[in-house]
Amino acid sequence: MALLWRLAGRRCLGPPFSPGPLLHRVCWASSTSQQEMDRFWQKNQRLNRPLSPHISIYRWSLPMAMSILHRGTGAALSSGVSLFAVAALLLPGDYPSYLELLSSLHLGTGLIGALKFTLAFPLAYHTWNGMRHLAWDTAHALRMPQVVSSGYLVLTLTVVTCLGLAML
């Protein structure tokens with residue numbers, strides 16, 4: 001990438017109005033990529049620059065955790081919809097027969113409510129956090145205190161939505 005930027009910065013690409021599409025000026029690189037990489041590491045060692053830090057040295061913050069959770073819920077939702085579609089196509093029987101199977105297990109209202117909450121959580125969280133991202137796309141609430149407070153709002157709305165859906 002550095003080589004491309006260096007070549008683009010030189011005046012070897014020709015004038016903007018060239019005499020014809022077949023006439024090009026060629027400018028050869030004066031060094032190889034290995035030499036460029038060696039110079040890069042020598043400069044970093046000379047300036048005593050550290051290597052890139054690992055994620056384990058960062059203090060976890062709400063925006064970081066919510067970003068990871070947003071990606072995870074998106075992957076879970078797409079995987080769940082795909083698995084449900086494949087199951088609907090391949091499994092014998094129809095939807096009411098599987099509902100009868102679930103009701104015959106006598107799981108109890110508490111466990112069924114917890115299962116509903118668990119199934120509703122990815123959808124509710126991804127929806128509310130997606131709306132927060134849409135607000136960010138319009139350049140609203142981008143300062144750090146607003147990001148944190150909107151994060152708490154998303155979490156609150158997610159829990160309220162999941163509880164509402166679990167009570168149905």
Side-chain angles (χ1 to χ4, degrees), residues 1-9 13 21 29 32-34 36-37 40-41 44 49-168:
M1 188 67 173
L3 182 62
L4 288 175
W5 284 111
R6 190 178 69 203
L7 287 175
L13 299 176
T32 65
S33 60
Q34 183 64 42
E36 287 290 321
M37 193 169 20
F40 171 79
W41 288 112
N44 282 346
R49 291 180 179 162
L51 293 175
S52 295
H54 190 265
I55 194 168
S56 62
I57 71 164
Y58 289 110
R59 191 185 80 194
W60 281 82
S61 63
L62 183 68
M64 180 196 302
M66 290 186 73
S67 174
I68 293 168
L69 188 59
H70 186 74
R71 293 165 196 249
T73 56
L77 286 170
S78 62
S79 300
V81 167
S82 300
L83 288 174
F84 185 79
V86 169
L89 290 174
L90 298 179
L91 291 177
D94 54 351
Y95 188 70
S97 65
Y98 290 105
L99 287 179
E100 284 180 31
L101 174 69
L102 280 176
S103 65
S104 70
L105 293 176
H106 304 292
L107 296 176
T109 56
L111 184 59
I112 289 176
L115 289 173
K116 286 180 181 180
F117 186 91
T118 303
L119 287 175
F121 181 81
L123 179 64
Y125 177 79
H126 200 76
T127 301
W128 289 116
N129 203 38
M131 289 183 188
R132 182 171 81 139
H133 278 268
L134 287 175
W136 288 349
D137 289 343
T138 62
H140 286 85
L142 291 176
R143 290 199 166 82
M144 205 58 193
Q146 296 167 329
V147 169
V148 172
S149 64
S150 67
Y152 285 121
L153 178 65
V154 164
L155 291 175
T156 303
L157 289 172
T158 299
V159 170
V160 168
T161 303
C162 289
L163 287 174
L165 289 173
M167 289 183 192
L168 292 177

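Annotation for N129 and V154: closest pair N-CG1, 3.9 Å, computed over non-hydrogen atoms. In terms of heavy-atom proximity, G113 sits nearest to A166 at O-CB, 3.6 Å.
For F117, there are no ring pair (Phe, Tyr, Trp, His ring centres under 6.0 Å) partners at least two apart in sequence or on another chain. Under the rule for a side chain to side chain contact (heavy atoms under 4.5 Å, CB included), L83 has no partner lying at least two apart in sequence or in another chain. Shown here are the side chain to side chain contact (heavy atoms under 4.5 Å, CB included) partners of L89, two or more places apart in sequence or in another chain: there are none. S103 is linked by a side-chain hydrogen bond (donor to acceptor under 3.5 Å, both in side chains) to nothing, counting only residues two or more places apart in sequence or in another chain. H133 pairs by the side-chain hydrogen bond (donor to acceptor under 3.5 Å, both in side chains) definition with nothing, not counting sequence neighbours. Contacts of Q34 classified as side-chain hydrogen bond (donor to acceptor under 3.5 Å, both in side chains), with partners at least two apart in sequence or in another chain: D38. With sequence neighbours left out, T118 forms a side chain to side chain contact (heavy atoms under 4.5 Å, CB included) with no residue at all. Not counting sequence neighbours, the partners of T161 by the side-chain hydrogen bond (donor to acceptor under 3.5 Å, both in side chains) test are W128. Take L155 and apply the side chain to side chain contact (heavy atoms under 4.5 Å, CB included) test, not counting sequence neighbours, and it matches L62, M66, Y125.
In this structure, L102 CG and Y98 OH are separated by 10.5 Å, a value rounded to the nearest 0.5 Å. Annotation: the span from I68 atom CD1 to T73 atom OG1 amounts to 12.0 Å, rounded to 0.5 Å. Separation of atoms CE (M144) and OG (S149) is listed at 10.5 Å; rounding is to 0.5 Å. In this structure, H70 NE2 and R132 CZ are separated by 9.0 Å, a value rounded to the nearest 0.5 Å.
Every pair passing side-chain hydrogen bond (donor to acceptor under 3.5 Å, both in side chains) that includes a residue from residues 74-95 is listed here, sequence neighbours excluded: D94-S97.
With hydrogens and angles disregarded, no donor-acceptor distance shorter than 3.5 Å links the side chain of K116 to the backbone of L165. Judged purely by atom type and a 3.5 angstrom limit, W136 uses its side chain to pair as donor or acceptor with the backbone of A141. One N or O on the side chain of H140 and one on the backbone of T138 form a donor-acceptor pair closer than 3.5 Å.
Looking at heavy atoms from C-beta onward, L134 lies in side-chain contact with D137 at the 4.5 angstrom threshold. The side-chain heavy atoms of P145 and V148, taken from C-beta on, include no pair separated by under 4.5 Å. Using a 4.5 Å heavy-atom cutoff, the side chains of L69 and F121 are in contact. In this structure, the side chains of W41 and M37 come closer than 4.5 Å at one or more pairs of heavy atoms.
Heavy atoms from other residues, nucleotides or ligands lying under 6.0 Å from CZ of R49 number more than 12.
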